[in-house]
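Within every chain, numbering begins at 1; the chains are lettered A, B, ... in the order of the sequence lines, protein sequences first and strands thereafter.
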Amino acid sequence: MAGIECLVLGAGQEVGKSCVIVSFGGKRIMFDCGMHMGYLDNRRYPDFSRIPDSSDFTKSLTCIIVTHFHLDHIGALPYFTEVCGYDGPIYMTYPTKALAPLMLEDYRKVMVDRRGEEEQFTSEHITTCLKKVTAVDLKQSIKVDDDLEIRAYYAGHVIGAAMFYAKVKDSAIVYTGDYNMTPDRHLGAASIDKFLHLDLVITESTYATTVRDSKYAREREFLKVVHECVAKGGKVLIPTFALGRAQELCILLDDYWERMNLKNVPIYFSAGLTLQANMYYKMLIGWTSQKIKDSYATRNAFDFKHVRSFERSMLNAPGPCVLFATPGMISGGFSLEVFKQWAPSEMNLVTLPGYCVAGTIGHKLMSGKATKIKIDKKTEVDVRCKIHQLSFSPHTDSKGIMDLVKFLSPKHVILVHGEKPKMATLKGKISSELGIKCYDPANNDVVHIPSSQYVKIDASEAFVHNCINPNPKHFESKADNDSDMGAKDTASMPVKEIEDKRVAEGILVMDKAKRPKAVHQNELLAMLGVEEHTIEFA
Amino acid sequence: METERLVWEKCDRELSCYTNIDSSDKTHLCCLKALASVRALIVNSSTSDETISRVLDTLVRILHHDQENIHHHVLKLLSDLALHRDLSHTTIFDTVYAYALGRKDASPLTAEALAVIVTSMERSQSFSKLSSSSELSENLFLLLCSSSSVSVRSWIILNAKRFNVGTCLLVTVFLGFTSDPYPYVRRAALDGLVSLKELANVQKHDLIESCYDRAVELLIDTNECVRSAATRVTIRYDCYPEEAADLPQLKESKVSEWGVVLATLYNEVGDKGWLDAVFIQVCAMVRDTSVEVRTVAFASLGQMKLVSEDLLLQTLSKKITIHFKKRKTIVLCTSKKFDLPASNVAGVFVHGLEDEFSEVRKSTCISLGKLTISYVQFAEEALNLLMDMLNDDITEVRLQCLQTMYHMATLDCLKVQQLHMHMFLSTLVDSNTLIRCATRKVLRLMKLTNLDMFNSAINGLLTNLDSYVEDEADIFNVLFKIGRGHSNFAVNFVKETFDEIEPSCEGELRIDKARVAAILVLAIAASLTHEQHISSILRRVLTYAIPFLGRISYSLRDVMSQDTLFAYLSYCSRFLHSPIAEIFGQEEHCFSVVEDASNPYSKEIIKHVTPLHQVSYGTSEINCQDNSWDPSHTFSSQEYQQKEATHAIGPVLKIVADTWPLIKSGCTDEVCRALRDCKEELATLSVDSDESDAGLLAFAYQYVRSMKLLGKVWMHFYPPRKFIGSRTGLLDLLVEKLDMNLRRMRYGFWGFSVEEELHILEFILLICVLRLSKPDICYRPTILKRLRSTLSCVEHLCQKGSIKPSDFARELNSFCQEESSDDDGLYYAFSSKRLVELFSLQQFVLGEKLKHIKADLSVPDNDSENPLPFIAGFPAAIPFEIWLHNVCSEDRLWLKLTVEEFTQYVFLTFDKHEDNDCLKKVALNVPFYTTPKAASFSLRACIGKECLFDDLQMAKGLGGPKHELTYLCNEKEVYFVTRS
């Protein structure tokens, strides 16, 4: 099989159920195994039946690589392993392996217990599935088998997110997963080696056309509204998802509280998932940003100084406070409960995440100046509080994508995980500005890409020696070309010049066994068994 | 002693056994052990000299044997000896030198031997030995260069300068080594190239270009240390085209207008393109994965002044502006060889500030600060980004950011806006003392453009005071400075917070409150600026300040003493004596405000005022007697002001004199700031001074200006501190400006006392001496000539006033007499340094007789709307009206008329006995001969006085002045249009 074949099972021209099957050099790798949160029917999973030899996935696939623990990247994994029966190796980073069960279990609970849907996989499935996972570290080269080598690189985005490099024989690819090129308060920026000689980069393109300006402006806005609110004695509700954003905002606030000496205003975390998640973060310090790693020796940044856990009785306690509550879009649960209590007061503030699914309260608040919001048939909330929309995002922007592609300079680029029209724009930009062939396949499309092949040659010792050592040629020339730069004393003396062309010079020969070999010019005659003839002109 | 001897004997035995009898593996081990003990002996400082000399002998002996396997260790020991012991340099040098010469091969041992030589030389500081020895010259150097050992190669490159090798050869060798397979060798070669530039003023275009090209190629090296070195080299060579372009030009145009020079410089599209191309090149490096490379790249960007502003503006935004898209093509065509998409620069500084690593962020902050200095719009937009950095989680970065702002403020390019204030002032409550202190430092210099900003700044400081009581003294000081700078706002603020200060109805002062004290400081500051028009409220407030005297005066100790403050406060309170109706008449609106706010105490206030009046009226006679605030002058304010103006110049000149040590130590920022304050002080004085003081003020102003220029010039001579302000400009321009200023001081006034004139002359001498040390800013014969003539003036004056000449003048005199004939730059550099050390700046004491020679020039009824008629090619008459102040009969005055490049001089003659000496009025009809063939033109006219003592002859000859002119008035533009 020549070249690289790339089958996009999910996240082709859409966001959700990331899943790409790449076959090259006789190996077949599945990158990510996600589910689509927008569908409830069989469209929520990638169409696994399209995988060649789908009768036996274990045989068909060499391995599965999962980049991070978000459900649209890992959600279908228990289903695929436990229900579809894949039994081969699975790779993910340590934090992903640690946090994935939390996510999957939470999702399962919401699906089954709350919505009463048919169970796709059970808790046991999750447990057994994750037992099959091999955890990897950053920059650790793993030999999956004799030919296939994979390596994880830091990707930012969420804790434990990684880009994966895979190499079979001479062809190499990188699958980025989701990544962030600018660091935030708790995670670093994506970083990868430069000289990987890649044939293909498969990159996300969530913000294919957006160019975001400095993150500091966003932070400043956020801190300003929160500070103003608590300074006037108001309460701040920050509905947030338990992992990632919550820690980011909390570090930001905790640091600000420390600097501004706001000890008398408590910050609360609603109990549950968040506290558990914080515990994991404390253990996974090695995967956070430089600053947190540096200060770890003195203080763990996730040991928030000003954060206390919240009790329901405090809900209507007087005085200012800041409260983190799940879920992020105020679709129910504790954040809705708090919202009902706090929204009617003008002094209070509610922040909204950057993106809210239609139908949630968050979305209603975002869409306009709603004064009355119906929560259910009986209750209606009078919204008088201030609303602030956050625009933090863990995805890189279009400039970041361009920078990464330019940095890696692969021969081909495939865009996934984005919206179709925007991807088309970015595709045009990559091919015109960087001169790299770019594709934006839809779901279930297959892209064929030629792969590179190198011919290995032997090198003689003399040739190698000649390459690594300087080989200057001295010659003396008259001082005529020397003008103002030599010192005075060179005027009368002949000037020594040195020529050192550090080009590896050699001769490529092919012997009887058809093995190519590079030799030094002095060796050639001996090798060919020919005598040296010199011709002199009279 | 005994142990020492035993150890040594054992070592000696084993060593001689190894070298003379048996060099098997077994004895080799013993020998190594022995050498280790020897090292212990060498390093131990209590080992006797006797043993050391024996050790040396043995080591030298071993070196003569040919057991090369231990030579390495022996050489190491010799270098230790050279490092730790003082006595044996010559022996070591000679032995090892012979050894190295004997080997003459490219093995590591030779290099090591050379390294020992270098160490021993460094210790004994006899550098000349090696560079003069011909054996150790090019041949050996080249031999070592082609060594197969990597360590030898990198060593030889690092130490190349110690060999007697021509620059030309070095450059080629270094260039060759930039493609060495080993990264450390490559880096060493690049570093070598960088240092070469400093060694010799390489003037070869193509050479520089090939260096640059090579560095650009290495920017994509696989190894990060090479990349960072390459970034440095790139930046290094960018300096070249810029310098090369402006140097010859400047030399030609020494006399011409400075503005024109700059304009031509900027208009040279080619140069600008080059510089921009380099800038873009470096921008490509800021997204590198290595932290070191990024840090260096940002630091380099800061070095590149004179880059196009639109390029710089683009670095602050990731989005490519439409304007910039158009420009892209231009950049591409000027940068010839390398592919430089201009989009590289987009958002470079945003990336830098967002970087994960605090080193990079810090480096970016510094660079931003450096670049903001030259560009107004860039400064404004960069400030937006910098403000956000105050939210950084690393204290160092925040501190650096504040320092950058402070630096911007000292150079007058900090334009803070309302929307920044929240972020900025929040650092005032930062828990870190350093941050708060740095913020206040910036606040001191910040210009608050509107009342809202002022109020929020003051409120921020008051909050700071509430939360951190320990900052009180500093806060008061800042409040005072702000209050002085923004007195109207301050008055307003005080009025608004009047309730807080005013005693409550029980009549108690809230004297325990720091907040009240803070507002009182503000009131004092405001009243000092508004001396004549202090509102009654302010006066009342000032009365309340007396109980706080200790606290306030402590914090203002750098401004005034406690006594002065007390005197002032009591002086102010006396103003309350004047009839009450007057106060209320003046300040009616103010009280109505109070009433509007339905203040229940407004009647109370009136009650308070009246008794206070009566009381102090009664005692005023007594009080006045012992008041240091001279009471006789308090009411005749005009008289008072006059006295004030003359007296106030003294302290200003004192401050100027005090800046001299600062200038010497290179604290240019501080100097500039202090002198700017002086200027402001003089400006306020000049507002209400009359004719008689004008001369003094004008002179003081020139003096301050000259000192400021001197400060800037100084930076080019003596190694400055790390963070150099970049608005120092080109040395050439500066020195010339300074000269012009000094000329103006010397010839633009008359009535100097001998001391005064000597002071100016010494100043002029200092500049000549400084010039001598840098060949690129002086044509030596001219300067020497000027030096001699000035010296003779000094001598003459000294004789006349029977004053002993200063050390500086004396030494300079002898220097001029013995001055060597050969044209050795080093000699001048050295002696000028020595001479400058001798110079010391005394405080300038001004007599009161000084008259400012100046002129006013006007052409009645002429402006751009009403031009004079002319016929192209024919002379046109210009009716000038000239007023001459304090011009005496010996002065040779010229009227200079300039149209573009053409200049016409007209000698001014006037009747000597016509008017009184102070002011002459002359009406003249001057023909201008060469009117251009154009529909309209404008002519610049100016009056200059010939500097008779300057023997610098003008080369013009065409009937113009024989000496340089010092200008007595501003240029006047005269407009012409063809007669239709």
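- Every residue meeting the salt bridge (Lys or Arg N to Asp or Glu O under 4.0 Å) condition with E396(B), not counting sequence neighbours, appears here in chain and number order: K362(B).
- Only the side chain of V350(B) comes within contact range of chain A, with at least one heavy atom under 4.5 Å from a heavy atom of that chain.
- Of the atoms belonging to D397(A), it is side-chain heavy atoms, and not backbone ones, that fall under 4.5 Å from chain B.
- The most heavy-atom pairs under 4.5 Å with chain B, out of M402(A), E258(A), E219(A), K399(A), come from K399(A).
- Options S289(A), P183(A), A217(A) differ in how many heavy-atom pairs under 4.5 Å they form with chain B, and the most are formed by P183(A).
- For the pair R294(B) and F357(B), the cation-pi criterion (under 6.0 Å, within 45° of the ring axis) is not fulfilled.
- Of the atoms belonging to K224(A), heavy atoms from both backbone and side chain fall under 4.5 Å from chain B.
- Per-residue counts of heavy-atom pairs under 4.5 Å with chain B were compared for S295(A), S191(A), G188(A), S398(A); the largest is that of G188(A).
- Looking at F349(B), there are no atoms closer than 4.5 Å to chain A (heavy atoms on both sides), in backbone or side chain.
- A cation-pi arrangement is not found for K139(A) relative to Y153(A), the charged atom failing to lie both closer than 6.0 Å to the ring centre and inside a 45° cone about the ring normal.
- Interface residue L223(A): only side-chain heavy atoms are found under 4.5 Å from chain B.
- Contact count versus chain A (heavy atoms, under 4.5 Å) is highest, among L385(B), N384(B), D392(B), for D392(B).
- Between E381(B) atom CD and T315(B) atom OG1 the span is 9.0 Å, to the nearest 0.5 Å.
- If you take OG1 on T427(B) and CZ on R398(B), they are separated by 9.0 Å, rounding to the nearest 0.5 Å.
- Atoms SG and CZ, from C250(A) and F302(A) in turn, are 9.5 Å apart once rounded to the nearest 0.5 Å.
- Contacts of S358(B) with chain A are absent, with no heavy-atom separation under 4.5 Å from either backbone or side chain.
- Annotation: cation-pi pair R212(A)/Y207(A) present, NZ/CZ under 6.0 Å from the ring centroid and within 45° of its normal.
- For the pair R361(B) and D355(B), the salt-bridge criterion is not met [side-chain N within less than 4.0 Å of a carboxylate O].
- In this structure, the portions of N391(B) lying under 4.5 Å from any heavy atom of chain A include both its backbone and its side chain.
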